Amino acid sequence: MALMVYNTLARQYEQFVPVEEGKVSIYVCGITPYDHSHIGHARPAVFWDVVRRYLLHKGYKVKLVTNFTDIDDKLINRSRQTRTPIPEIAEKFIQEYLECMDKLGVLRADVYPRASEVIPEIIETVETLIDKGLAYESAGDVYFRAERFPGYGKLSGKKIEDLLPGARVEVSELKESPLDWALWKASAPDEPGWPSPWGKGRPGWHIECSVMVHKHLGPQIDMHGGGTELVFPHHENEVAQAEAVSGVEPYVRYWVHSELLNLEGEKMSKSLGNVIYLSDIVNNHDPMAVRLYLLSAHRRKILDFSDELLRSAEKGWERIRTGYQNAVEFLANPSAQGLRDASKLAEATAQCRKTFFESMDNDFATPGALAAVFDLITAINAHVVPRGETTADPDARQKVAGAYGLLIECLGILGLVPQAELTPVSRGRDISNGLIDILVEIRNTARKQKDYTTADYIRDKMGDLGITLEDTPSGTKVRM
RNA sequence: GGCGACAUGGCCAAGUGGUAAGGCAGGGGUCUGCAAAACCCUUAUCCCCGGUUCGAAUCCGGGUGUCGCCUCCA
């Protein structure tokens with residue numbers, strides 16, 4: 001089965017074939033750490049984490065690079081306002097971002113380059129562009145000659161003649177054309193900067209990505225990601241710079257953009273002020289439920305944010321966890337008997353495998369993959385949840401094990417971890433578990449004596465603490 | 001004004017020519033002291049109008065609407 005990817009550059013689905021067999025190089029635009037990350041930032045991060053896990057599952061070696069833009073105008077302003085050094089601000093928000101990513105189960109990238117770390121390479125690249133006649137210096141700034149680059153606009157589908165009249169770009173007499181953009185910006189005496197052939201200055205925004213890609217991944221990479229709002233001008237300019245410098249075309253074989261996360265129908269963005277902070281969400285909700293929510297829409301569809309959607313995902317996540325738990329308990333109990341005809345479970349397992357991988361191969365269609373998982377959960381529950389009836393199928397256990405194995409495989413690819421072990425275990429926790437057992441025992445004694453007042457009191461009070469008790473034919477289950 | 005994406009049940013969301021997945025919410029049942037969980041059943045003809053086809057949510061044309069980009073932005 002071939003992996004198909006919708007490529008922004010080609011505007012169509014294409015079969016994915018890496019440059020080098022067995023290896024995939026990926027670059028994903030990261031954040032500018034001048035403020036708290038918002039929930040929208042988590043969408044591409046989680047999406048790419050799934051892509052990476054899927055490619056690894058397919059046997060590829062994957063190298064993922066994600067940048068941090070730790071020098072730019074927003075950081076300079078922030079630094080002025082708060083009277084805090086830029087590196088301190090950047091470091092703080094980078095750490096916060098990474099902590100949120102950890103909670104969401106996003107595997108760390110192989111490299112997180114920072115703009116400030118590649119200044120020499122940037123200067124070198126800018127010099128090369130000037131030598132090639134594609135860039136020019138102007139009062140300490142250096143600009144890229146957009147119109148000199150053949151094919152400018154190919155990624156975003158824009159034409160130079162369309163861009164010129166409608167250009168909303170600030171008109172600057174320093175530029176030859178409004179379409180030109182800064183590769184290097186002269187810094188005022190009170191602004192941070194690095195020495196360069198054009199005086200003290202700092203890099204323009206677009207150049208860092210081209211340089212980092214070349215440095216860490218080479219002149220041609222397999223996939224490049226980022227939000228759709230970056231297609232123009234950021235990625236368009238990146239292509240121009242990179243191809244102009246290296247002469248290698250295409251710079252990126254598959255451009256894989258993710259749609260935005262909207263709040264009440266509007267793009268979530270710091271400049272619009274309609275922002276939901278990522279840390280708030282991740283700290284107040286089960287991060288795995290948040291992850292499920294983020295994967296509930298295909299990457300090329302706008303995803304809206306609302307409490308209702310998040311709640312819906314939380315319920316869905318609970319369903320997955322319960323099903324997982326049911327399978328684990330069944331397999332852990334040698335005397336457990338399955339229900340119904342176990343061949344149905346085997347059938348459902350095969351169907352899930354087919355649907356899951358077909359969906360993933362279809363441009364990483366996580367919603368379809370999730371649907372397959374939910375179907376598998378239903379099949380497992382139908383077979384495994386104690387209900388009094390049993391089946392005599394001697395292979396039942398093996399079939400449950402097969403379904404369980406696939407469930408783990410799928411959830412692993414999606415990065416959804418149901419294991420309770422994720423939560424830190426401590427001695428305090430051991431004690432509370434012991435106490436819970438004692439309470440359950442007391443309650444069950446009360447139930448046997450038909451003292452339901454006491455039994456319900458215990459259950460209610462424990463429920464208030466977030467501990468759910470469920471009475472089943474095979475005993476009382478504790479869920480937290 | 002230019003470029004692009006999208007429009008499926010109460011909410012969310014799959015589907016890339018073959019007769020509408022899945023989640024949440026709702027209704028009815030089974031199980032249960034009650035509850036919860038779980039299982040079973042149940043709720044759509046896919047924005048509108050034309051066209052192509054034996055057959056279209058899926059392709060083409062024309063509308064309407066929403067969103068994004070053209071300025072910093074995942």
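Because the structure is a prediction, the values reported are computed rather than measured. Just so it is clear: chains get the letters A, B, ... in the order the sequence lines come, proteins before strands, and each one is counted from 1.
Residues A:Gly40 and A:Arg11 both approach RNA chain B. Their nearest nucleotides, taken by heavy-atom distance, put A:Arg11 toward the 5′ side. Between A:Ala371 and A:Ser258, it is A:Ala371 whose nearest contact on RNA chain B lies nearer the 5' terminus.
For A:Asp471 against B:C34, a side-chain-to-base donor-acceptor contact under 3.5 Å is present. You'll find a donor-acceptor pair under 3.5 Å spanning the side chain of A:Arg447 and the base of B:G33, going by distance alone. Contact annotation: side chain of A:Asp456 to base of B:G33, donor-acceptor pair present below 3.5 Å.
Taking the P atom of each, B:G2 and B:G50 are spaced 28 Å apart, rounded to whole Å. Separating the C1' atom of B:C48 from that of B:U16 is a span of 23 Å, rounded to the nearest Å. Using C1' as the reference atom, B:G26 and B:G9 are 12 Å apart when rounded to the nearest Å. A distance of about 26 Å separates the P atoms of B:C70 and B:G63, rounded to the whole Å. Spacing of P atoms, B:U8 relative to B:C46, comes out at 11 Å, to the nearest Å. On the C1' atoms, B:A13 is 8 Å away from B:G22, given to the nearest whole Å. The same atom, P, is picked in B:G4 and in B:C40; the two are 47 Å apart, to the nearest Å. For the C1' atoms, the distance from B:A57 to B:A38 is 34 Å, rounded to whole Å.
Judged by distance alone, the side chain of A:Arg299 and the main-chain N or O of A:His257 form a donor-acceptor pair under 3.5 Å. In this structure, A:Thr82 contributes its side chain and A:Arg78 its backbone to a donor-acceptor pair below 3.5 Å. Between the A:Asp451 side chain and the A:Arg447 main chain, no donor and acceptor come within less than 3.5 Å of each other. A:Thr378 places a side-chain N or O within donor-acceptor distance of the main-chain N or O of A:Phe374, the cut-off being under 3.5 Å. Looking at A:Ser177, its side chain does come within 3.5 Å of a backbone N or O of A:Leu179 through a donor-acceptor pair. Using a distance-only test at 3.5 Å, with no hydrogens or angles considered, no donor-acceptor pair links the side chain of A:Ser138 to the main chain of A:Lys175. At distances below 3.5 Å, at least one donor-acceptor pair connects side-chain atoms of A:Ser25 with backbone N or O atoms of A:Asp222.
Using Watson-Crick or G-U wobble geometry with both donor-acceptor distances under 3.5 Å, B:A5 finds its partner in B:U66. Checking B:U19 for Watson-Crick or G-U wobble geometry (two distances, each under 3.5 Å) identifies no partner in any strand. The partner of B:G33, taking Watson-Crick or G-U wobble pairs whose two distances both stay under 3.5 Å, does not exist in any strand shown. Base pairing of B:C46: no nucleotide in any strand meets the Watson-Crick or G-U wobble criterion (both distances under 3.5 Å).
Here the rule is side chain to side chain contact (heavy atoms under 4.5 Å, CB included) with A:Pro418, and of A:Met288, A:Arg321, A:Gln325 only A:Arg321 fits it.
Comparing B:A74, B:C3, B:C40 by their closest approach to the side chain of A:Thr378 singles out B:C40. Side-chain proximity of A:Ala382 to B:C6, B:G68, B:C39: nearest is B:C39. When each of B:C24, B:G68, B:A74 is scored by its nearest atom to the side-chain atoms of A:Thr228, the top-ranked nucleotide is B:G68. Checking B:C69, B:A38, B:C24 against every side-chain atom of A:Lys315, the shortest atom distance belongs to B:C24. Side-chain proximity of A:Arg459 to the nucleotides B:C24, B:C34, B:G68 is greatest for B:C34. The side chain of A:Arg300 approaches B:C6 more closely than any other nucleotide in the set B:C6, B:C3, B:A36. Of the listed nucleotides (B:A74, B:C70, B:A37), B:C70 has the atom at the smallest distance from the side chain of A:Phe232. Counting only heavy atoms from C-beta on, A:Val385 has its side chain closest to B:A38 among B:A14, B:A38, B:U16. The listed nucleotides are B:A13, B:G68, B:C11; the one nearest the side chain of A:Glu308 is B:C11. Each of B:G22, B:A74, B:A14 was ranked by its minimum atom distance to the side chain of A:Asp375; first place goes to B:G22.
Contact annotation: A:Arg319 side-chain N/O to B:A38 OP1/OP2 distance is under 4.0 Å. Between A:Asn262 and B:C67, a side-chain N or O to OP1/OP2 separation shorter than 4.0 Å is absent. Distances shorter than 4.0 Å separate some side-chain N or O of A:Lys301 from OP1 or OP2 on B:A7. Neither OP1 nor OP2 of B:G33 sits under 4.0 Å from any side-chain N or O of A:Lys448. Taking side-chain N and O atoms only, A:Asn362 has a distance below 4.0 Å to OP1 or OP2 of B:G15. Contact between the side-chain N/O atoms of A:Lys477 and the OP1/OP2 oxygens of B:A38 is not found at any separation under 4.0 Å.
Residue A:Gly30 is in sugar-phosphate contact alone, with no base atom involved, counting any heavy-atom pair closer than 4.0 Å across all strands shown. At the heavy-atom level, A:Leu303 lies nowhere under 4.0 Å from the strands shown. Among the heavy atoms of the strands lying under 4.0 Å from A:Arg443 is at least one base atom, whether or not backbone atoms are also near. Across all strands, A:Leu292 comes closer than 4.0 Å to no nucleic acid atom at all (heavy-atom distances). Residue contacts shown for A:Lys267 include a base, since a base heavy atom lies under 4.0 Å away. Looking at heavy-atom distances under 4.0 Å, A:His298 makes contact with sugar-phosphate atoms alone, never a base. Note on A:Ile302: only backbone sugar-phosphate atoms sit closer than 4.0 angstrom, heavy atoms only; bases stay farther off.
Remark: P of B:C24 and CD1 of A:Ile320 are 9 Å apart, rounded to the nearest angstrom. Between the CG atom of A:Leu376 and the P atom of B:G22 there is a distance of 14 Å, given to the nearest Å. One interatomic measurement links the two molecules: CD of A:Glu470 to C1' of B:A38, which rounds to 9 Å at whole-angstrom precision. Between the P atom of B:C70 and the NE2 atom of A:His206 lies a distance of 10 Å, rounded to the nearest Å. For A:Met360 and B:A14, the CE to P distance is 14 Å, given to the nearest whole Å. A:Asp363 places its CG atom 17 Å from the P atom of B:A13, with the value rounded to the nearest Å. One atom, CG of A:Leu309, and another, P of B:G22, lie 19 Å apart when rounded to the nearest Å. Between the C1' atom of B:A38 and the CD atom of A:Glu329 lies a distance of 13 Å, rounded to the nearest Å.
Here A:Phe374 does not pack flat against the base of B:G23, since the 5.5 angstrom centre distance and 30 degree tilt limits are not both met.
For the pair A:Arg202 and A:Asp73, the salt-bridge criterion is met [side-chain N within less than 4.0 Å of a carboxylate O].
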Query - Step-by-step side-chain contact (heavy atoms from CB on, under 4.5 Å) determination, A:Val400 to A:Leu345 - result: CA-CA 7 Å; A:Val400 173; A:Leu345 179 58; 3.7 Å; yes
